[in-house]
Participant: 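Sharing a structure with you now.
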2 protein chains.
Amino acid sequence: MKAEAAVDALSALANDHRLAVFRLLVQAGPEGKPAGAIADALAMPASSLSFHLAHLNRAGLITQSRDGRSLIYAADFAAMTGLVGFLTENCCGGASCAPSAAPSQKKRKAS
Amino acid sequence: MKAEAAVDALSALANDHRLAVFRLLVQAGPEGKPAGAIADALAMPASSLSFHLAHLNRAGLITQSRDGRSLIYAADFAAMTGLVGFLTENCCGGASCAPSAAPSQKKRKAS
DNA sequence: CTAATGATTCGATGATACTAGAAATGTCGA
DNA sequence: TCGACATTTCTAGTATCATCGAATCATTAG
């Protein structure tokens, strides 16, 4: 995952409502949930939810498919794996993000 | 890490400049970098950089300390570990999301 | 004290995000 | 075709974010 895509994904998750939607879809599993069920579960107006779903979809974090009159949204687990991988590699010292794994590349500063 | 803190952290990283700053600080290691050096490395006006550093600091992702006239900023690795942990637990189906034994084996284009 | 330096805060401006009702679109059953 | 339903798109209003020069604060040396 490139930094540009990572920013898109981070931006998509950086909102209470969207994070709640995504977590709900993760719990729902690969089968996903129709928009109406999400709006109902989160007590959100349909138009507001649609706005957030479009945001998540544009960022590549969820997928959309139709089932009759309902639009089914599902979490894209591969995208999430890619994001966590990006953060681990680029924002955790390149090593595993384990707490005690402080990078040993100490640069000596000539002050 | 709670969802509220996670949203703050995600929001802080969901910006090109701030993500670049954070990655630079991760590369710099625990010793951190003075604000001037960051501004110089990223070719950013001092006041703009200060705005973004304050944002990252408020989100708990970086720490600030003074060294003479310079303010040293350093990545807070524990906070990042917490964020990755939150994402893994809450947004990856509860199971391990990142390849648990593959830190950085894959090829990626230099960005 | 005064000057110089590193960095932040202030202030104004433009851009973007969020919300939610109303209207429009797509789909199905009769 | 018609009506009902699920959802999106349109629209407008409000709120928050991003930028960056100028002014200010904090620190050190002389």
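Sequence lines set the chain letters: A, B, ... in the order given, protein chains first and strands last, and positions in each chain run from 1.
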Participant: My understanding is that only residues two or more places apart in sequence, or in another chain, count here; which of them pass side chain to side chain donor-acceptor pair (under 3.5 Å) with A/E4?
Facilitator: none
Participant: Working to the nearest 0.5 angstrom, can you tell me the gap between A/C92 SG and B/F77 CZ?
Facilitator: 8.0 Å
Participant: Which value, rounded to the nearest 0.5 Å, describes the distance between B/L53 atom CG and B/I38 atom CD1?
Facilitator: 5.0 Å
Participant: Which ones in residues 30-52 of chain A lie close to DNA chain C, meaning a heavy atom under 4.0 Å from one of its atoms?
Facilitator: A/P45, A/S47, A/S48, A/F51, A/H52
Participant: What's the separation between atom CG in A/L19 and atom CG in A/L56, rounded to the nearest 0.5 Å?
Facilitator: 9.0 Å
Participant: If you measure from CZ on B/F51 to CG on B/N15, what distance do you get to the nearest 0.5 Å?
Facilitator: 8.0 Å
Participant: Which two nucleotides bound the region of DNA chain C that has atoms under 4.0 Å from heavy atoms of chain A, read 5' to 3'?
Facilitator: C/dC18 to C/dC28
Participant: For A/A20, give me all partners under side-chain contact (heavy atoms from CB on, under 4.5 Å), at least two apart in sequence or on another chain.
Facilitator: A/L42
Participant: I need the residues from residues 9-18 of chain A with at least one non-hydrogen atom less than 4.0 Å from DNA chain C; give them sorted by number, or say none.
Facilitator: A/N15, A/H17, A/R18
Participant: Mind checking side-chain contact (heavy atoms from CB on, under 4.5 Å) for A/S47 and listing every partner two or more places apart, or none if nothing turns up?
Facilitator: none
Participant: Strictly by side chain to side chain donor-acceptor pair (under 3.5 Å), give each pair with a member in residues 16-36 of chain A just once, sequence neighbours left out.
Facilitator: A/R18-A/H52, A/R23-B/N90
Participant: Throw together a table of side-chain donor-acceptor distances under 3.5 angstrom for residues 66-76 of chain A, partners on residues two or more places apart or in other chains.
Facilitator:
unit_1	atom_1	unit_2	atom_2	d
A/R66	NH1	A/G68	O	3.2
A/Y73	OH	A/Q64	NE2	2.7
A/D76	OD1	A/A78	N	3.1
A/D76	OD1	A/A79	N	3.1

Participant: Looking at residues 54-66 of chain B, who's got a heavy atom less than 4.0 Å off DNA chain D?
Facilitator: B/H55, B/R66
Participant: Excluding sequence neighbours, so at least two apart, what forms side chain to side chain donor-acceptor pair (under 3.5 Å) with A/H55?
Facilitator: none
Participant: Using a 4.0 Å cut-off on heavy atoms, which residues in residues 67-74 of chain A reach DNA chain C? List them by number, or say none.
Facilitator: A/G68, A/R69
Participant: Between A/A35 and A/L49, what is the shortest heavy-atom contact and its length?
Facilitator: O-CD2, 3.2 Å
Participant: Does any part of the side chain of A/T88, heavy atoms only, come nearer than 4.5 Å to the side chain of A/V84, both counted from C-beta?
Facilitator: yes
Participant: Between B/M80 and B/L13, is a side-chain contact (heavy atoms from CB on, under 4.5 Å) present by the stated rule, with each step listed?
Facilitator: CA-CA 10 Å; B/M80 196 61 203; B/L13 291 175; 4.1 Å; yes
Participant: Using 0.5 Å steps for rounding, measure from the CG atom of A/L87 to the CZ atom of B/F22.
Facilitator: 9.0 Å
Participant: Nearest 0.5 angstrom please: A/L61 CG to A/L83 CG, how far?
Facilitator: 7.0 Å
